[in-house]
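Keep in mind that the numbers below use all heavy atoms, side chains included, and drop hydrogens, waters and symmetry copies. These numbers come from a predicted model, not from an experiment.
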Amino acid sequence: MKPSYIQSAAALSPQNTFDGSIFEPLAEYTGDCMVATDPDFGKFIPAARLRRMSRFLKMGLTTATLAIQRAGFIPEAICVGTGNGCCSHLEKFMRATTEQGEELLSPIPFMASGHNNLAAQIAMNHQIKGYNMSFLNGSISFENALSDAHLLLCEGQYHNVIVGGADEITDLTKNVFRHIGDFLFPLTEKEISNKAFYSEDNKSTLLGEGAAFFCLTSQPSEQTIAQLVGVHSRNGQARSAQSDKEWLDSILASHHLSAADIDLVISGENGANYAFNSQNYSAVYPLFNQADVAVYKHLCGEYYSASSFALFCACQIFQYGKIPSHLLLTHLKKGDAEYQAIDKKPRNILIYHAYNESDIQSVMILSCGS
Amino acid sequence: MSRIFITGYGAISAMANTADDHLPFLSGEKTAPAFAPSRYASTSLKHPVAEVKADNETLRHIDNDLTVPDFHSRSTLLHLHAAKQALKMAGLVADRQPIDLVCATTGAGIEVTENNYQDLHSGPLFKNFITSTISTTIAQQLGLQGEIHMISTACSSSANAILLGARRIKSGLSKHIVVGGGDALSRFSLNGFNSLEILSADGCKPFDENRNGVTLGEAAAYLVLEDEESAKGKNILAEIVGYANTNEAFHPTASSAEGEGPLAAMQAALQIAHIQPSDIGYINAHGTGTIVNDLAEAVAIEKLFGNTTPVSSTKGITGHTLAGCGSLEAIFTLLALNHQQIWPNFNLQTPLKETNIHLTTNATSAAYQYAMSNSFGFGGNNTAIIFSRFNRP
């Protein structure tokens, strides 16, 4: 497949990324979750609509709007990935059916609970009447959306598309993740700081949230931030270190790349649960022994569509031609989470995600714009 | 670019447990089970629905070689059953090649969550609320090792699963892909449609002048799509030649009266197929039985096709199966095509007055090459898919 071209990137996260960047000292969190910093939503969404919106919709629509403003064009199509979707409206309606004995229910939370509501709101707000797709697929929800957007541009019918991922923290998701734990691992055994996520003795992580959106085109332009080379995922049920290597090698070969061409691996490792990480991530790092390894969950927390934040980090690293030191795993493992900009522009970045949840693995490959 | 061949299908609905067993109901040989209040959803609403006969325990053991953990939802069981049928019919052996999957859901197994809502500590049950358990359970149980996608675009969800699968085959991204979706009935969806005051009290009558709303149903349906190389030597059931998804960007749940969104989707699908409206021999409409959306679809169909192309909604016997209807009706459409039949518009007495679209009331024979299936969803999401009869060389 041909590459597509990322023209703009915007992210709302627990860090100062909405107006700022990842090139700033790490905002520290110690509670049981990392909540995204609200921008002035009213600047982006008409007040009448804003009142009825959940945080998920506000965060998603606002971030999508910023990505569109930065791109300078209204995209023709929309692809959204979300792990929890409109779960707050869904929960609200579910609670009402129980509490009100299935009588006299307001339809508003039901209407808003569709998981494609964010993509629909972006379409209505910007009058985008083309292709409109929403993916709800756990930890690869965003990868599903991105690969669809990439395919859409390769097909030639559409010239540009907006794609993004978003998820919110609600009371229910907090409870669910704390109790099921298989995706996020023990959330907080003791008070931990996101600065210490990657230290040796850490066993837990923090729940996070956010939204990240990107405008992509089929043709490069002067403002191109990065090339999206490919997006891949698999159900690696029967996987081993050997099959991981073969899978990654075949992906790289399909893009005429080798492991030595990758200068930076952005890893979804969340710091907690070392047994799992060594199985799923540490086996992959040696394949890219010439690359730096960066992590990002200590910036945004752990949530289903967090890999959209990883793509945002990759875009900013290309844009600034620098890597923030507090993303590098070697620094963090030494307990050093201080920020310093390292002048280094990678040629190619590989974003890798693996969850014990159902053995799903994903890879996004990006190349510098030129 | 590859052609897109259908080599397998599977379905379960209130009428039948396999796809082909739906045929006598569509042709009118057998009468579909009457709509009746739900037996399995935890609701006090007595609105008639079209519910799959089997209870969860029966569904769990319908396939001897599947071992589904207890906590899985009724939705997951329906999905698994339909996907397995489709895979078997296509003769695909999962461990010989990585097979891709696109599934579709609106509720993601909410019928489990709503029954356990008070108990936030109930562990795995809650996975059904928000996680990808349906897609990953299908992949695990059926041994699919390829790319796993899951779409949620309300009532057009599984039509979009077919559309994405078709695009992946055409572009060469997938060689074989299992596509489809479904939903079980739930207190959530029943109360949702009831709160919108669009739930029929006595059974849906799509495109009828006296239609009074939706009857909910439950189903899951899957198809197997393969590229030319992979389908070589197989029994090719039909070809997908056109597809489109557009958005009306008009209202969260309603269509514009002019049917602008449905019209755009049907037009774009015809363009992809490189055919004219007059080439379409049968349209399986979305037609849910609501006042506003049926009218919008009828207006759009009349604008594009005039009054000669036969149109029918089959929701009069299946009910509206939400994420299941796109793939279920895709199978009905290809059954119609392969048997050279036009299915009746069930429960029609007085066709709606505003248009003169050609609604059929009895199953009739017809010679035609192309058929279209429409699926529209909340959020202004409109999808049309065009099937072509496969002519053996």
Side-chain angles (χ1 to χ4, degrees), chain A residues 1 78 83-85 87 90 93-95 97-98 101-102 105-107 110-117 119-120 123-124 126-141 144 147-148 151 154-155 157 172-173 175-176 179-180 183 232-238 304 357-358 360, chain B residues 43-45 98 101 105-106 108 110 113-114 117-118 120-124 126-127 129-132 135-136 139-140 143-154 160 164 167-168 171 173 187-188 191-192 194-197 245-253 261 264 377-381:
Chain A
M1 285 224 302
I78 302 167
N84 294 344
C87 63
L90 197 134
F93 191 75
M94 206 183 336
R95 193 191 302 134
T97 59
T98 308
E102 302 185 76
L105 296 164
S106 159
F110 176 71
M111 285 161 68
S113 71
H115 296 302
N116 64 329
N117 195 0
M124 276 192 286
H126 299 283
Q127 284 300 298
I128 299 170
K129 298 190 175 184
Y131 187 83
N132 190 297
M133 206 52 63
S134 297
F135 295 87
L136 182 83
N137 201 10
S139 58
I140 52 166
S141 300
N144 278 185
S147 77
D148 191 16
L151 172 58
C154 289
E155 288 171 329
Q157 198 193 344
L172 183 60
T173 59
N175 275 318
V176 169
H179 294 302
I180 65 175
F183 152 62
H232 306 266
S233 65
R234 71 162 176 168
N235 170 25
Q237 236 172 309
Y304 278 132
E357 174 215 31
S358 323
I360 294 285
Chain B
T43 180
S44 57
L45 296 185
L101 171 71
T105 174
T106 68
I110 195 167
T113 312
E114 65 194 13
Y117 179 65
Q118 301 302 334
L120 287 170
H121 299 258
S122 54
F126 270 92
K127 290 185 71 175
F129 176 46
I130 25 183
T131 73
S132 53
S135 61
T136 50
Q140 283 167 352
L144 311 181
Q145 299 271 326
E147 293 220 0
I148 312 298
H149 302 255
M150 187 149 82
I151 284 173
S152 191
T153 57
N160 286 331
L164 178 59
R167 291 168 50 227
R168 289 184 62 91
S171 69
L173 278 181
R187 182 172 73 215
F188 186 87
N191 278 284
N194 195 34
S195 72
L196 286 166
E197 298 177 2
N245 169 268
T246 62
N247 196 278
E248 207 167 48
F250 173 70
H251 185 272
T253 56
F378 284 177
N381 203 291

**Residue among B:Thr246, B:Asn194, B:Ile148 with most heavy-atom pairs under 4.5 Å to chain A** = B:Ile148
**Item:** Flag side-chain contact, heavy atom, 4.5 Å: A:Thr98 against B:Arg187
**Value:** yes
**Asked** Any side-chain donor paired with an acceptor under 3.5 Å for B:Asn191 and A:Thr97?
**Response** no
**Request:** Give, for atom CG of A:Asn137 and atom CD1 of B:Ile151, the distance between the pair rounded to the nearest 0.5 Å.
**Result:** 9.5 Å
**Reported CG-to-CE distance for the pair B:Leu164 and A:Met133, which is rounded to 0.5 angstrom** = 7.0 Å
**Item:** Whether B:Phe188 and A:Phe110 hold their rings parallel, tilted or perpendicular, with breakpoints at 30° and 60°
**Value:** tilted
**Prompt:** Where do B:Leu196 and A:Pro107 come nearest, in terms of heavy atoms and distance?
**Reply:** CD2-CB, 3.6 Å
**Request:** Using distance alone, with no hydrogens and no angle criterion, decide if A:Glu102 and B:Thr43 have a side-chain donor and acceptor under 3.5 Å apart.
**Result:** yes
**Prompt:** Would you find more than 12 non-hydrogen atoms of other residues, nucleotides or ligands less than 6.0 Å from A:Gln127 atom CD?
**Reply:** yes
**Request:** Ignoring hydrogens and angles, tell me if any N or O in the side chain of B:Asn245 forms a donor-acceptor pair with the backbone of A:Asn132 under 3.5 Å.
**Result:** yes
**Fill in**
If one checks every heavy atom of A:Ser141 against chain B at 4.5 Å, the contacting part turns out to be neither
**Asked** Atom CZ of A:Phe135 and atom CG of B:Asn160: how far apart are they, to the nearest 0.5 Å?
**Response** 8.5 Å
**Complete:** When the 4.5 angstrom heavy-atom criterion is applied to A:Asn117 and chain B, the contacting part is neither
**Item:** CD on B:Glu147 to CG on A:Asn144, rounded to 0.5 Å
**Value:** 8.0 Å
**Message:** Looking at chain A, which one of B:Leu101, B:Leu173, B:Thr106 has the largest number of heavy-atom pairs inside 4.5 Å, strictly under?
**Reply:** B:Leu173
**Prompt:** Where is the tightest heavy-atom contact between A:Leu105 and B:Ser195, given as atom of each residue plus distance?
**Reply:** O-CB, 3.5 Å
**Message:** Ignoring hydrogens, what is the shortest heavy-atom contact between B:Gln140 and A:Asn235? Give both atom names and the distance.
**Reply:** N-ND2, 4.2 Å
**Request:** Please report the closest heavy-atom contact between A:Ser147 and B:His149, naming both atoms and the distance.
**Result:** OG-CE1, 3.6 Å
**Message:** I need the minimum non-hydrogen distance between A:Glu155 and B:Arg167, along with the two atoms involved.
**Reply:** OE2-NE, 2.9 Å
**Fill in**
Correct closest heavy-atom pair for B:Ala249 and A:Lys129 would be CB-CG, 4.2 Å
**Message:** Heavy-atom cut-off 4.5 Å, strictly under: side chain, backbone, both or neither for A:His126 against chain B?
**Reply:** neither
**Request:** Keeping the roles fixed (side chain from B:Asn247, backbone from A:Ala120), state whether a donor-acceptor pair exists under 3.5 Å.
**Result:** no
**Item:** Side-chain donor or acceptor of A:Asn116 paired with backbone N/O of B:Phe378 under 3.5 Å
**Value:** yes
